[in-house]
**Q** 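Before anything else, here's the structure in question.
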Amino acid sequence: MKALVIGGGIAGLLAARVLTESCDEVVVLERDELSDEPDYRAGVPQGRHTHGLLVRGGELLEELFPGLREELVREGAVLADAGDMQILNPLGWLAKTHLGMPLLSLSRPLLETCIRRRVTAEIVDGVHVTGLSFHNGVVNGVRTRDGHVGADLVVDASGRSSKLRAWLAEAGITSAEPEVVDSGTGYATRIYTAPAGFPVVYAESPSAPDLPRGVAAMRVEGDRIMVTAQGAGGDHPPRDLDGYQEFLDSLRVPISTMLADAEPLTPVYLFARTASRRNAFEDVANWPSGLVALGDAVCAFNPVYGQGITVAAMEALLFRRHNDFSARGCRAFQRKVARTAKASWAMSSNADRTWVEARRGGLLGWYLKKWQAGIVRDPDLFRRFVRVVHMVASPATLLNPVVFRRLAKYSRQDLPRGRRPAGSSPR
């Protein structure tokens with residue numbers, strides 16, 4: 001069987017990696033021109049900004065590519081414990097505790113390049129896919145600007161820019177409008193030399209509705225600090241240098257002071273395509289054989305939560321347990337993809353709804369607010385919360401009597417009115 005993967009980003013590369021275990025031939029088609037060295041590319045506009053590789057994602061990548069973590073560290077990625085993160089939420093600095101969970105801090109281009117080097121599938125760059133090819137109602141390849149590429153299975157892993165709904169519509173296959181949740185988040189990133197002693201991860205979390213501003217600063221390869229200023233609810237950081245600096249100065253964390261001796265290495269780059277979008281492809285009754293979709297082409301999360309790479313890895317692994325790509329089998333695959341992304345979608349979309357809906361995310365949003373106090377004061381609650389955020393544990397672990405009793409010890413304080421200094425870092 002020949003499999004054709006649309007998109008040479010991380011989701012496409014991981015799908016290709018697993019498909020090589022069962023397919024005779026796997027070809028990845030990427031629109032961008034690819035470099036052998038880590039470099040930013042147009043097809044990943046968020047690649048210039050901080051990327052969170054969740055602990056579970058790191059585990060899955062290590063399973064697919066043994067030794068990858070060690071290779072990334074040799075290339076300059078910073079390895080730390082997930083408990084070493086220094087994060088300020090509206091009620092204070094998150095509790096300090098060692099978690100024994102390895103956390104990699106690195107740039108998106110480095111991660112993608114190291115993965116691409118290890119994928120044995122054929123990767124063809126500079127190919128612009130313009131549509132699907134059908135024969136007797138079966139997808140038998142894709143159309144490109146240069147002609148036709150045939151395949152027994154087509155995998156759409158083309159990300160947020162996927163045109164799959166339109167391509168299906170051309171064949172008379174309709175799907176519902178995607179569910180969209182837009183928190184109005186935008187961010188701006190600049191890279192600096194790393195000051196001595198700067199933490200691996202240093203951040204301030206926004207909180208609806210009173211604290212729309214935040215920042216995520218991460219150590220990356222090359223002894224650099226990637227600083228992403230974040231604004232939700234439409235309060236976006238500006239691109240001009242003075243405006244960007246004023247935005248940093250307005251935060252409660254003393255990020256400006258910490259960067260006082262750091263040398264800026266880049267201009268300020270903006271990104272605001274952060275709306276979460278979910279396509280219910282599993283509900284398409286006449287889904288064709290020979291076609292599946294995964295990654296951001298199906299469910300694109302707000303990048304600030306760092307879920308995309310981990311969910312893409314989990315979805316790619318579905319190919320190990322699925323070999324029926326008839327119409328019925330492909331629809332079953334889409335149901336598996338939907339189930340895989342369900343919990344992550346619930347967590348991130350409810351958090352985003354707190355910026356745009358009067359109910360502020362409903363019961364789940366209210367409950368997550370309760371955690372803001374718990375994870376500041378209680379190392380055990382912090383450990384439980386981080387394990388869920390990093391997808392090592394199920395969200396259900398936050399909903400049990402033991403947790404309820406621990407949370408009951410802490411009364412939630414009123415959120416601060418406006419921005420105020422946070423005080424010194426806990427470490």
Side-chain angles (χ1 to χ4, degrees), residues 2-21 23 25-53 57-58 60-79 104-129 142 144-146 149 151 155-161 189 191 193-194 218-226 265-267 269 271 294-297 303 308-310 312-313 316:
K2 177 181 179 180
L4 195 63
V5 180
I6 307 172
I10 290 179
L13 294 173
L14 299 182
R17 159 65 183 85
V18 181
L19 283 167
T20 56
E21 298 176 357
C23 293
E25 182 180 3
V26 180
V27 179
V28 179
L29 302 181
E30 169 54 45
R31 183 172 58 183
D32 286 344
E33 301 288 342
L34 299 175
S35 170
D36 292 334
E37 298 300 323
D39 200 5
Y40 301 104
R41 58 188 183 89
V44 189
Q46 72 270 36
R48 291 188 178 274
H49 307 275
T50 53
H51 262 65
L53 177 59
L60 293 175
L61 293 182
E62 188 67 18
E63 175 186 335
L64 290 169
F65 306 101
L68 177 62
R69 181 182 296 145
E70 182 180 347
E71 177 186 348
L72 290 168
V73 172
R74 288 199 305 268
E75 294 286 341
V78 182
L79 182 63
L104 275 176
S105 184
L106 73 173
S107 73
R108 166 65 181 257
L110 176 62
L111 178 61
E112 184 176 303
T113 301
C114 287
I115 290 174
R116 188 167 61 244
R117 290 171 183 167
R118 286 169 166 253
V119 172
T120 58
E122 179 184 3
I123 301 174
V124 185
D125 62 359
V127 178
H128 193 112
V129 177
V142 299
T144 75
R145 287 180 175 175
D146 300 317
V149 182
V155 179
D156 182 14
S158 56
R160 285 178 175 266
S161 62
T189 298
I191 297 178
T193 57
M218 299 177 62
R219 297 185 73 102
V220 297
E221 66 277 6
D223 201 23
R224 300 172 299 165
I225 300 293
M226 185 174 283
L265 300 175
T266 69
Y269 294 97
F271 184 74
L294 47 66
D296 283 1
I309 294 172
T310 302

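On a predicted model such as this, the values are computed, not experimentally measured, just so you know.
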**Q** Residues two or more places apart in sequence or in another chain: which of them pass side chain to side chain contact (heavy atoms under 4.5 Å, CB included) with Ala77?
**A** Leu72, Leu104, Leu106, Leu110

**Q** I want to check something: taking the side chain as every heavy atom from C-beta on, are Leu61 and Arg17 in contact at a cut-off of under 4.5 Å?
**A** no

**Q** Of all residues at least two apart in sequence or in a different chain, which pass the salt bridge (charged side-chain N to carboxylate O under 4.0 Å, His left out) check with Asp125?
**A** none

**Q** For the pair Glu62 (side chain) and Arg69 (backbone), establish whether a donor and an acceptor sit closer than 3.5 Å, ignoring hydrogens and angles.
**A** yes

**Q** Identify, with sequence neighbours excluded, every residue that meets side chain to side chain contact (heavy atoms under 4.5 Å, CB included) alongside Glu70.
**A** Arg74

**Q** Indicate yes or no for a side-chain donor-acceptor contact from Arg108 to the backbone of Tyr40 under 3.5 Å, with no hydrogens or angles considered.
**A** no

**Q** Can you pull the salt bridge (charged side-chain N to carboxylate O under 4.0 Å, His left out) pairs that have at least one residue in residues 36-51, sequence neighbours excluded?
**A** Glu30-Arg41, Asp32-Arg41, Glu37-Arg117, Arg41-Glu112

**Q** I'd like to check Pro303 versus His49 (side-chain heavy atoms, cut-off strictly below 4.5 Å). Are they in contact?
**A** no

**Q** Measuring from atom CD of Glu221 to atom CG of Leu111, what distance do you get when rounded to the nearest 0.5 angstrom?
**A** 9.5 Å

**Q** For Arg31, check side chain to side chain contact (heavy atoms under 4.5 Å, CB included) against everything at least two apart and list the hits.
**A** His128, Ser161

**Q** Would you name the heavy atoms of Leu64 and Leu14 that are closest together and state the gap between them?
**A** CD1-CD2, 4.1 Å

**Q** Return the minimal non-hydrogen interatomic distance between Ala316 and Ala15, and the atom names on each side.
**A** CB-N, 3.7 Å

**Q** For Ala11 versus Ala157, what's the shortest heavy-atom pair and its separation?
**A** C-CB, 4.1 Å

**Q** Supply the atom-to-atom distance Cys114 SG to Leu13 CG, rounded to the nearest 0.5 angstrom.
**A** 11.5 Å

**Q** Give the C-alpha distance, both sets of side-chain angles, the deciding distance and a yes or no for side chain to side chain contact (heavy atoms under 4.5 Å, CB included) between Ile191 and Tyr269.
**A** CA-CA 10 Å; Ile191 297 178; Tyr269 294 97; over 6 Å; no

**Q** Quick one: CD1 on Ile10 to CD1 on Ile115, what's the gap to the nearest 0.5 Å?
**A** 4.5 Å

**Q** Identify the two heavy atoms, one from Leu68 and one from Arg118, that lie closest to each other, and give their separation to 0.1 Å.
**A** N-NH2, 3.7 Å

**Q** Please find the pair of heavy atoms, one from Thr50 and one from Thr189, that lie closest to each other, and give the distance.
**A** N-OG1, 4.4 Å

**Q** What are the two closest non-hydrogen atoms of Leu19 and Ala3, and how far apart are they?
**A** CD1-CB, 4.0 Å

**Q** So, taking the atom named NE2 in His51 and the one named OG in Ser107, what distance separates them when rounded to the nearest 0.5 Å?
**A** 9.5 Å

**Q** Val142 versus Leu4: any side-chain heavy-atom pair under 4.5 Å?
**A** yes

**Q** Under the side chain to side chain contact (heavy atoms under 4.5 Å, CB included) rule, collect the residues that match up with Val78, sequence neighbours excluded.
**A** Ser105, Val200, Arg219

**Q** Quick one: does Glu122's side chain have a donor or acceptor within less than 3.5 Å of a partner on Val28's backbone?
**A** no

